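Here is the structure we will look at.
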Amino acid sequence: MPDPKPAVSLRIPTLTDGLSVSQLIERCPPLDPNSSYCNFLQCGHFADTSVAAELGGDLVGFISGYRIPSRPETLFIWQVAVDQRARGIGLASEMLRHILQRQPSGAVSHLETTIGEANEASWALFRRLARELDADLQQETWLDCDDHFQGQHESEVLVRIGPF
Ligand SMILES: CC(C)(COP(=O)(O)OP(=O)(O)OC[C@H]1O[C@@H](n2cnc3c(N)ncnc32)[C@H](O)[C@@H]1OP(=O)(O)O)[C@@H](O)C(=O)NCCC(=O)NCCS
């Protein structure tokens with residue numbers, strides 16, 4: 001018999017999640033670790049556009065995001081992290097929907113994110129979201145491996161989904 005789907009609960013992050021977020025990001029390559037201070041800011045100032053996922057009292061998922069200050073109708077998704085033990089059950093998709101559903105009605109019409117060229121799971125995640133929203137997905141190189149990273153990091157492709 002297949003394992004039952006684990007009982008993961010989703011909620012708005014709070015400041016006390018900051019350190020757990022740092023530790024989760026470290027367990028989720030290829031994500032770039034940030035300072036723990038940055039993760040505290042995400043859990044505090046950006047809580048309304050972020051989400052935390054818990055399983056048995058542990059943080060097993062986190063998405064950080066913000067509305068772009070000069071274009072607040074666009075939700076920018078910064079990082080998506082799901083712990084190994086909670087992968088493959090649709091949690092990342094569920095967390096994205098959670099953030100979108102919490103935005104004020106009519107306030108957000110587009111979503112942007114950047115994806116490493118070779119990150120297949122991330123491409124699948126955002127293509128699936130575009131399909132679910134029945135929205136266009138456009139992409140262009142944003143941070144180039146050579147021009148911006150001096151060859152130290154793969155190119156980051158800007159993905160724009162919408163209008164929805
Ligand atoms: C990417 C990540 C967030 C996906 O989390 P998840 O909860 O397992 O994803 P979901 O179950 O919601 O699946 C979403 C889609 O991605 C696909 N997917 C998930 N893992 C995949 C993998 N390793 N390779 C290819 N596709 C994958 C799923 O099949 C699904 O697509 P589908 O509906 O077309 O079948 C998770 O693997 C992770 O944290 N990876 C490390 C960090 C990272 O790369 N983050 C993304 C960059 S922002």
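Numbers for residues simply follow the sequence, beginning at 1. Counting starts at 1 for both ligands and their atoms, in listed order. For clarity, every value in this text was computed on a predicted model and none was experimentally measured.
With hydrogens and angles ignored, the 3.5 Å screen pairs a side-chain donor or acceptor of S35 with a backbone N or O of C38. Although no hydrogens or angles enter the test, the distance criterion places no donor-acceptor pair under 3.5 Å between the side chain of E26 and the main chain of L31. With hydrogens and angles disregarded, no donor-acceptor distance shorter than 3.5 Å links the side chain of R160 to the backbone of D136. The backbone N or O of A118 sits less than 3.5 Å from a side-chain atom of E154, completing a donor-acceptor pair. Formation of a donor-acceptor pair under 3.5 Å by the W78 side chain with backbone atoms of Q42 is not found in this model.
In this structure, of I25, V82, V60, the residue bringing a heavy atom nearest to atom 39 (O) of ligand 1 is V82. Counting only non-hydrogen atoms, the option in P29, G61, S122, A121 that gets closest to atom 22 (C) of ligand 1 is A121.
Between A92 and ligand 1, at least one N/O pair is under 3.5 Å apart. The distance criterion of under 3.5 Å between nitrogen or oxygen atoms is met by S93 with respect to ligand 1. Where the criterion is an N or O separation shorter than 3.5 Å, residue side chain and backbone included, R128 meets it with respect to ligand 1. Residue contacts with ligand 1: A86 is placed with no nitrogen or oxygen under 3.5 Å of a nitrogen or oxygen of the ligand (distance criterion only). Checked by distance only, ligand 1 and G88 come closer than 3.5 Å through their nitrogen or oxygen atoms.
Distance check on atom 35 (O) of ligand 1: every protein heavy atom falls at or beyond the 4.0 Å cut-off. Protein heavy atoms come within 4.0 Å of atom 42 (C) of ligand 1. In this structure, atom 2 (C) of ligand 1 has its sub-4.0 angstrom surroundings free of protein heavy atoms. Within a 4.0 Å radius of atom 8 (O) of ligand 1, the protein contributes at least one heavy atom.
Between F164 and L100, the closest side-chain pair of non-hydrogen atoms falls below 4.5 Å.
The pair E112-R71 counts as a salt bridge, with a side-chain nitrogen and a carboxylate oxygen less than 4.0 angstrom apart. Salt bridge status for R97 with E132: present, with a side-chain N to carboxylate O gap under 4.0 Å.
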Run the side-chain contact (heavy atoms from CB on, under 4.5 Å) test on L55 and R85 for me, step by step, so that the C-alpha distance in whole Å, both residues' side-chain angles and the decisive distance to 0.1 Å come before the verdict. CA-CA 10 Å; L55 177 63; R85 67 179 159 131; 4.0 Å; yes

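For atom 48 (S) of ligand 1, the closest heavy atom belonging to the protein is V80 N, 3.6 Å. Of the protein's heavy atoms, A124 CB, 4.6 Å lies nearest to atom 28 (C) of ligand 1. The single protein non-hydrogen atom nearest to atom 10 (P) of ligand 1 is G90 CA, 3.7 Å, given as residue, atom name and distance.
The shortest heavy-atom contact between M95 and G61 is SD-C, 3.8 Å.
Residue P30 has at least one heavy-atom neighbour below 4.0 Å for each of these atoms of ligand 1: 44 (O). Residue contact check: A81 has heavy atoms under 4.0 Å from atoms 39 (O) of ligand 1. The ligand atoms of ligand 1 that sit less than 4.0 angstrom from a heavy atom of R131 are 34 (O).
Neither the backbone nor the side chain of M95 has a heavy atom within less than 4.0 Å of ligand 1. Residue N119 touches ligand 1 through its side chain alone, judged by heavy-atom distances below 4.0 Å.
Other residues, nucleotides and ligands place no more than 12 heavy atoms under 6.0 Å from the NE2 atom of H45. Within a 6.0 Å sphere centred on CG of D134, other residues, nucleotides and ligands contribute 12 heavy atoms or fewer.
The closest approach between E156 and ligand 1 stays at or above 4.0 Å for every heavy atom of the residue.
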